[in-house]
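The structure presented is a predicted model; accordingly, all values stated were derived computationally and were not measured.
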Amino acid sequence: MLGIVIPTKNHSDFVIRQLNYYASVDCPYTIYLGDSSDRTHTDRVLSRIEELKGRLRVVHRWIDPGIVSHAVVKKLADIVEEKYIACLGDDDLFVPDGLTDCIEFLET
């Protein structure tokens, strides 16, 4: 029903914190990561995604670091399969219940 779009570049600590949070609250939404990080950060994120498999749906795409963040968001938005999209920075968090309230509002 909703895809969470997150562009990131070399902030693996932030992204891992987000993934851990969303897994801990049983987030029902798919997370789309547009990752322009160097290999060290990307490997850390991919490792955590693998560890959370089955608990969290994550679509990870490596995106050329020369692309500006709003263009990364556009690239991710193009692959979101859900009806709604929520976008945030890699240092922010959404409360999934709040997103559910937003979807209910939009549906009615």
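- A search for salt bridge (Lys or Arg N to Asp or Glu O under 4.0 Å) contacts involving Asp101 returns nothing, not counting sequence neighbours.
- Within the hydrophobic cluster formed by Ile, Leu, Val, Met, Phe, Trp and Tyr side chains joined at under 4.5 Å, directly or through other members, Val68 stands alone, with no partner residue.
- Rounding to the nearest 0.5 angstrom, the gap separating the NZ atom in Lys9 from the CD1 atom in Ile67 is 10.5 Å.
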Point to revise | Leu33 vs Val58, side chain to side chain contact (heavy atoms under 4.5 Å, CB included): CA-CA, chis, key distance, verdict | key: CA-CA 7 Å; Leu33 285 175; Val58 180; 4.0 Å; yes
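- Legend: salt bridge (charged side-chain N to carboxylate O under 4.0 Å, His left out) pairs involving residues 17-31, not counting sequence neighbours: none detected.
- No chain of hydrophobic side-chain contacts below 4.5 Å, direct or via other Ile, Leu, Val, Met, Phe, Trp or Tyr residues, connects Val15 to Ile63.
- Residues forming a side-chain hydrogen bond (donor to acceptor under 3.5 Å, both in side chains) with Thr30 (at least two apart in sequence, or on another chain): Arg57, Glu82.
- Annotation: side chain of Val59 is not in contact with side chain of Ile31 (no heavy-atom distance under 4.5 Å).
- Taking CD1 of Ile103 as the reference point, atom CG of Leu2 lies at 4.5 Å (rounded to 0.5 Å).
- In this structure, CD1 on Ile4 lies 15.5 Å from OH on Tyr84, to the nearest 0.5 angstrom.
- Hydrophobic side-chain contacts under 4.5 Å tie Ile16 to no other Ile, Leu, Val, Met, Phe, Trp or Tyr residue.
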Listing, residues 44-52 side-chain donor-acceptor contacts under 3.5 Å, not counting sequence neighbours, or none:
residue : atom : partner : partner atom : Å
Arg44   : NH1  : Ser12   : OG           : 2.7
Arg44   : NH1  : Asp13   : OD1          : 2.7
Arg44   : NH2  : Asp13   : OD1          : 3.1
Arg48   : NE   : Asn20   : OD1          : 2.6
Arg48   : NH1  : Glu51   : OE1          : 2.6
Arg48   : NH2  : Asn20   : OD1          : 2.7
Glu50   : OE1  : Lys53   : NZ           : 3.2

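- Residues passing the salt bridge (Lys or Arg N to Asp or Glu O under 4.0 Å) test with Lys74 are Asp78, sequence neighbours excluded.
- Here the CG-SG distance, from Asp97 to Cys102, works out to 11.0 Å after rounding to the nearest 0.5 Å.
- Scanning for side-chain contact (heavy atoms from CB on, under 4.5 Å) contacts around Pro28 gives Pro96, with sequence neighbours left out.
- Here the straight-line distance linking atom SG of Cys27 with atom CG of Leu19 works out to 10.0 Å at 0.5 Å rounding.
- Nearest heavy atom pair, residue Ser37 against residue Trp62, reads O-NE1, 3.1 Å.
- A heavy-atom distance below 4.5 Å is found between the side chains of Leu88 and Gln18.
- Side-chain contact between Arg61 and Val72 is absent, with no heavy atoms from C-beta onward closer than 4.5 Å.
- For the atom pair CG (Leu99) and CE (Met1), the distance works out to 12.5 Å, reported to the nearest 0.5 Å.
- Partners of Glu107 under the salt bridge (Lys or Arg N to Asp or Glu O under 4.0 Å) rule, at least two apart in sequence or in another chain, are Lys83.
- Every side-chain contact (heavy atoms from CB on, under 4.5 Å) that Ile85 has, sequence neighbours left out, goes to Val5, Ala77, Val80.
- Residues Ile79 and Lys75 form no side-chain contact, since every pair of their non-hydrogen atoms from C-beta on lies 4.5 Å or further apart.
- Residue pairs that meet the ring-ring contact (aromatic ring centres under 6.0 Å, His included) test with at least one member in residues 11-49, sequence neighbours left out, are His11-Phe14.
- When all heavy atoms of Ser36 and Asp64 are compared, the pair lying nearest together is OG-O, 3.7 Å.
- Under the side-chain hydrogen bond (donor to acceptor under 3.5 Å, both in side chains) criterion, Asn10 pairs with no residue at all, not counting sequence neighbours.
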